[in-house]
Amino acid sequence: MNESDIFRALADPTRRAVFERLLAGEKNATELREGLAISQPAISQHVAVLRGAGLVNETRAGRHVNYSVNPDGLTPLFDWLARYRAFWPTRVERLKTLLKEMDQ
């Protein structure tokens, strides 16, 4: 997967909520749906998008399906951020200098 898929998947607030619930551990669709005002088919669609982006794993045991966070799923996003991290210190220093100049 690439960072665009991850951004697209996490852009939806419901999918972010589902992903954050999975950070606490493996859950089935019913557990993921608790407290959300959405149907079972809707939760399945949200989970499918997260799975498609590589953020969630699915484990089947007979009729039961459990979902968990894919630990490597955010790697493309971290790699994308790392490309820009080199620019941050210089920009922050420039901002500090500008703010000091404005105060004087």
Starting at CH2 of W88, measure out to CZ of R85 and round the result to the nearest 0.5 Å.
5.5 Å
Report the residues that fulfil side chain to side chain contact (heavy atoms under 4.5 Å, CB included) with K96, sequence neighbours left out, ordered by chain and then residue number.
V92, E93
Not counting sequence neighbours, which residues clear ring-ring contact (aromatic ring centres under 6.0 Å, His included) with F7? List them please.
W80
With a cut-off of 3.5 Å and sequence neighbours excluded, list every side-chain donor-acceptor pair involving residues 22-47.
residue: N28; atom: OD1; partner: T30; partner atom: N; Å: 3.0
residue: N28; atom: OD1; partner: E31; partner atom: N; Å: 2.8
residue: E31; atom: OE1; partner: N28; partner atom: N; Å: 2.8
residue: R33; atom: NE; partner: I38; partner atom: O; Å: 3.0
residue: R33; atom: NH1; partner: Q40; partner atom: OE1; Å: 3.2
residue: S39; atom: OG; partner: A42; partner atom: N; Å: 3.2
residue: S44; atom: OG; partner: Q40; partner atom: O; Å: 3.2
residue: H46; atom: ND1; partner: R15; partner atom: NH1; Å: 3.4

To the nearest 0.5 Å, tell me how far F19 CZ sits from T14 OG1.
15.0 Å
Same cluster for L74 and Y84 if Ile/Leu/Val/Met/Phe/Trp/Tyr side chains link at under 4.5 Å?
yes
Salt-bridge test for D5 and R8: reply yes if a basic N is under 4.0 Å from a carboxylate O, no otherwise.
yes
Between A9 and L55, the two heavy atoms sitting closest are CB-CD1, 4.2 Å
Is it the case that atom CZ in R83 sees more than 12 heavy atoms from other parts of the structure closer than 6.0 Å?
yes
Please report the interatomic distance CG(L95) to CE(M102), rounded to the nearest 0.5 Å.
9.5 Å
CG on N57 to CG on N70, rounded to 0.5 Å:
4.0 Å
Are L10 and V56 in one and the same hydrophobic cluster, where Ile, Leu, Val, Met, Phe, Trp and Tyr link if side-chain heavy atoms are under 4.5 Å apart?
yes
